[in-house]
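These notes concern the structure reproduced below.
All figures in this text were calculated on a predicted structure; none of them were measured in a lab.
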Amino acid sequence: EMARLIRDDRLELDARVPELDLAAVAPGQRVRVVHGEREVEARVRAVAPTVAPETRLGTVHVALPPDSGLRPGMFARAEIQTEAATALTVPQEALV
């Protein structure tokens, strides 16, 4: 990293996502960011167009709200909330 620009006090979390899960991620999706006991609601800003060949992970840029309480350099866990899929379900007792 040669330089880091912080503009207008905006802060982003760069989440590393496995390549097979990237197709389900899109800008605007809700993200739950967890740092210790703190939970912050955020949004996906962008999905990077490439995947790291060494790790097969893609980068998802998550825009954090100004009142998140997080600082540059901190580590946090991001849970990206994808669309729910409709599925047919039956009780286990009904299976033979």
Side-chain angles (χ1 to χ4, degrees):
E1 181 175 314
M2 288 183 60
R4 179 181 298 212
L5 299 176
I6 300 174
R7 187 173 59 194
D8 301 327
D9 292 328
R10 285 192 274 180
L11 190 61
E12 280 189 351
L13 180 138
D14 289 341
R16 307 291 186 246
V17 177
E19 65 180 333
L20 296 176
D21 296 329
L22 275 178
V25 180
Q29 283 179 309
R30 292 178 39 195
V31 180
R32 189 176 126 214
V33 178
V34 179
H35 179 262
E37 298 295 318
R38 175 181 291 131
E39 289 186 17
V40 177
E41 289 295 320
R43 295 267 176 199
V44 172
R45 184 185 65 76
V47 179
T50 59
V51 173
E54 313 82 37
T55 61
R56 309 308 304 162
L57 297 175
T59 301
V60 175
H61 303 284
V62 177
L64 296 169
D67 62 345
S68 68
L70 300 173
R71 304 267 187 256
M74 288 181 164
F75 286 88
R77 185 178 75 239
E79 298 172 359
I80 301 171
Q81 300 170 4
T82 59
E83 297 294 322
T86 304
L88 178 64
T89 59
V90 294
Q92 186 171 351
E93 297 81 27
L95 299 177
V96 178

Check: Thr59 and Arg16 side chains under 4.5 Å, non-hydrogen atoms: yes

Nearest atoms (heavy-atom pairs only) where Asp21 meets Val25: O-CG2, 3.7 Å

Atom of Ala78, atom of Ala15 and distance for their closest heavy-atom approach: CB-CB, 4.3 Å

Side chains of Leu22 and Val60 in contact at under 4.5 Å (non-hydrogen atoms): yes

Heavy-atom closest pair, residues Ala24 and Thr82: O-CG2, 3.5 Å

Val62-Leu57 co-clustered via ILVMFWY side chain contacts under 4.5 Å: no

Gln81 and Glu79, any side-chain heavy atoms less than 4.5 Å apart: no

Over all atoms of both residues, closest heavy-atom pair of Ala76 and Leu13: CB-CD1, 3.8 Å

Note, Arg30 side chain near Arg43 side chain (heavy atom, < 4.5 Å): yes

Flag side-chain contact, heavy atom, 4.5 Å: Leu70 against Val33: yes

Closest approach of Arg38 to Ser68 (non-hydrogen atoms, all atoms of both residues): CD-O, 3.1 Å

Path from Val34 to Ile80 over hydrophobic side-chain contacts below 4.5 Å: no

Gap separating the CD atom of Glu19 from the CZ atom of Arg56, nearest 0.5 angstrom: 4.5 Å

